[in-house]
Peer 1: 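Quick one: this structure, given as structure tokens, is what I'll be asking you about.
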Amino acid sequence: MNILLFQLGEKIPRVIAILIWVGVLLYAIWACVEMAFLDPIGGAFNILKIAVLWAIVALLGMFLFLHDVATRIVDEAFGGRKFLKEEGRILSDYHAAIASGEGERVREELETMFAENNADSEIALLLQQIYWDRNRNANVALLRLETYFAAQRAASLEGLELVMRYADLLRELGRKTDAIPLLEREAQSNIYQSPDQRAIHIRLQSLKEG
């Protein structure tokens, strides 16, 4: 129930904004009709009014319907560096090794790299795939995640998945409510984009509901 209320609470401002946009749109259309048929000699005032109305319609429409797209474009254009990996570091061989069941062969190398940079989300995820997905070693997997979340991290493509894995591991260990403090912190972090923050909020609410 709390999740539904949370989701509804998130959507209400958007619904109100859409209603306002529809109202302004209809008024702008009526103003055009009025100028064309009812008051064709209204002159410069009518033209100015229509121009302002359509400008408002365009701006509100862009905000409502292109906001997420625009956010991603701006992030990639001006903040894209936060998603870049270390220059020259290629992990495709490690991904391939784990996918083919040879995670143990590359585990030590990944551990060495993780020890040097425990804020690297891609390496953290690869270790999760070895320790949990393949070996079902929840305790070691959890320790690596705790190390990762204790580091000074930047935004990353793997960040949301690692948050969800943290909650999953604690649930597996019978300690699911222990994940609440970290999820509360991550939900407020500016390293996640809006859709990811919403996903963390929803998972957090489900944990609080028990």
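Here, residue 1 is the first one in the sequence, and each next residue gets the next number.
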Peer 1: I'd like to know if the side chain of D196 and the backbone of L160 have a donor-acceptor N/O pair within less than 3.5 Å.
Peer 2: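 Not a single qualifying donor-acceptor pair exists.
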Peer 1: Are the charged groups of E184 and K208 less than 4.0 angstrom apart, N to O?
Peer 2: yes
Peer 1: Out of curiosity, L125 CG to L110 CG, how far, rounded to the nearest 0.5 Å?
Peer 2: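 Interatomic distance, L125 CG to L110 CG, rounded to 0.5 Å: 10.5 Å.
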Peer 1: Among E109, E102, E108, which residue satisfies the side-chain hydrogen bond (donor to acceptor under 3.5 Å, both in side chains) criterion with R105?
Peer 2: E102
Peer 1: Let me confirm one number: the CD1-CD1 distance from I20 to I56, rounded to the nearest 0.5 Å.
Peer 2: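 These two atoms lie 11.0 Å from each other.
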Peer 1: Run the side chain to side chain contact (heavy atoms under 4.5 Å, CB included) test on Y148 and I123 for me, step by step, so that the C-alpha distance in whole Å, both residues' side-chain angles and the decisive distance to 0.1 Å come before the verdict.
Peer 2: CA-CA 10 Å; Y148 167 75; I123 296 175; over 6 Å; no
Peer 1: Could you go through the side chain to side chain contact (heavy atoms under 4.5 Å, CB included) check for R165 and Q129 one step at a time?
Peer 2: CA-CA 10 Å; R165 281 175 173 268; Q129 291 171 358; 4.2 Å; yes
Peer 1: Of all the heavy-atom pairs spanning L162 and S121, show the shortest one and how long it is.
Peer 2: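 Of all heavy-atom pairs spanning L162 and S121, the closest is CD1-O, 3.7 Å.
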Peer 1: Within 45 degrees of the ring normal and closer than 6.0 Å to the centroid, is that where the cationic atom of R144 sits relative to F114?
Peer 2: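 The answer is no; the distance or angle limit is not met.
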Peer 1: Please determine whether side chain to side chain contact (heavy atoms under 4.5 Å, CB included) holds for the pair L143 and Y131, giving the CA-CA distance in whole Å, both sets of side-chain angles, and the decisive distance to 0.1 Å.
Peer 2: CA-CA 10 Å; L143 285 173; Y131 287 123; over 6 Å; no
Peer 1: Show your reasoning for whether side-chain hydrogen bond (donor to acceptor under 3.5 Å, both in side chains) applies to E122 and Y94.
Peer 2: CA-CA 11 Å; E122 188 176 5; Y94 298 95; over 6 Å; no
Peer 1: Tell me which donor-acceptor pairs under 3.5 Å the side chains of residues 169-177 have, and how far apart each pair is, sequence neighbours excluded?
Peer 2:
| unit_1 | atom_1 | unit_2 | atom_2 | d |
| --- | --- | --- | --- | --- |
| R175 | NE | D178 | OD2 | 2.9 |
| K176 | NZ | G210 | O | 3.1 |

Peer 1: Could you pull out the closest heavy-atom pair between G159 and Y192, with the gap in Å?
Peer 2: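 Closest heavy-atom pair between G159 and Y192: C-CE2, 3.8 Å.
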Peer 1: Could you tell me whether E104 and R134 have a side-chain N and a carboxylate O separated by less than 4.0 Å?
Peer 2: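 Between R134 and E104 there is no salt bridge, as every charged N stays at least 4.0 Å from the carboxylate O atoms.
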Peer 1: Contact between D168 and R203 at the side-chain level, heavy atoms closer than 4.5 Å - yes or no?
Peer 2: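 In contact.
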Peer 1: Report whether V22 and Y27 are members of the same hydrophobic cluster (ILVMFWY, side-chain heavy atoms less than 4.5 Å apart, transitive linking).
Peer 2: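 Looking at the clustering, Y27 is in the same group as V22.
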Peer 1: Minimum heavy-atom separation for L207 and A179, please, with both atom names.
Peer 2: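 Of all heavy-atom pairs spanning L207 and A179, the closest is CD1-CB, 4.0 Å.
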Peer 1: So, the side chain of Q128 versus the backbone of A141: is there a donor-acceptor pair under 3.5 Å, distance only?
Peer 2: yes
Peer 1: Keeping Q197 on the side-chain end and S189 on the backbone end, is there a donor-acceptor pair under 3.5 Å?
Peer 2: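 Side chain of Q197 to backbone of S189: a pair is present.
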Peer 1: Consider only side-chain heavy atoms of I, L, V, M, F, W and Y, link residues closer than 4.5 Å, and tell whether I180 and L182 are in one cluster.
Peer 2: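 In one cluster with I180: L182, yes.
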Peer 1: Roughly how far, to the nearest 0.5 Å, is CG of N118 from CD of E146?
Peer 2: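 With rounding to 0.5 Å, CD (E146) is 12.5 Å from CG (N118).
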Peer 1: Are W132 and L127 close enough that some pair of their side-chain heavy atoms sits under 4.5 Å apart?
Peer 2: no
Peer 1: Tell me the closest heavy-atom pair linking A155 and I191, and the distance in Å.
Peer 2: CB-O, 3.0 Å
Peer 1: Please check if V140 and L126 belong to a single hydrophobic cluster, counting links between Ile, Leu, Val, Met, Phe, Trp and Tyr side chain heavy atoms closer than 4.5 Å.
Peer 2: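 Yes, one cluster joins them.
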Peer 1: Take N137 and N139 through the side chain to side chain contact (heavy atoms under 4.5 Å, CB included) test and state the conclusion after the steps.
Peer 2: CA-CA 6 Å; N137 191 333; N139 288 303; 4.1 Å; yes
Peer 1: Compare all side-chain heavy atoms of E186 with those of L204 and state whether any distance is below 4.5 angstrom.
Peer 2: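 Contact flag for E186/L204 side chains = no.
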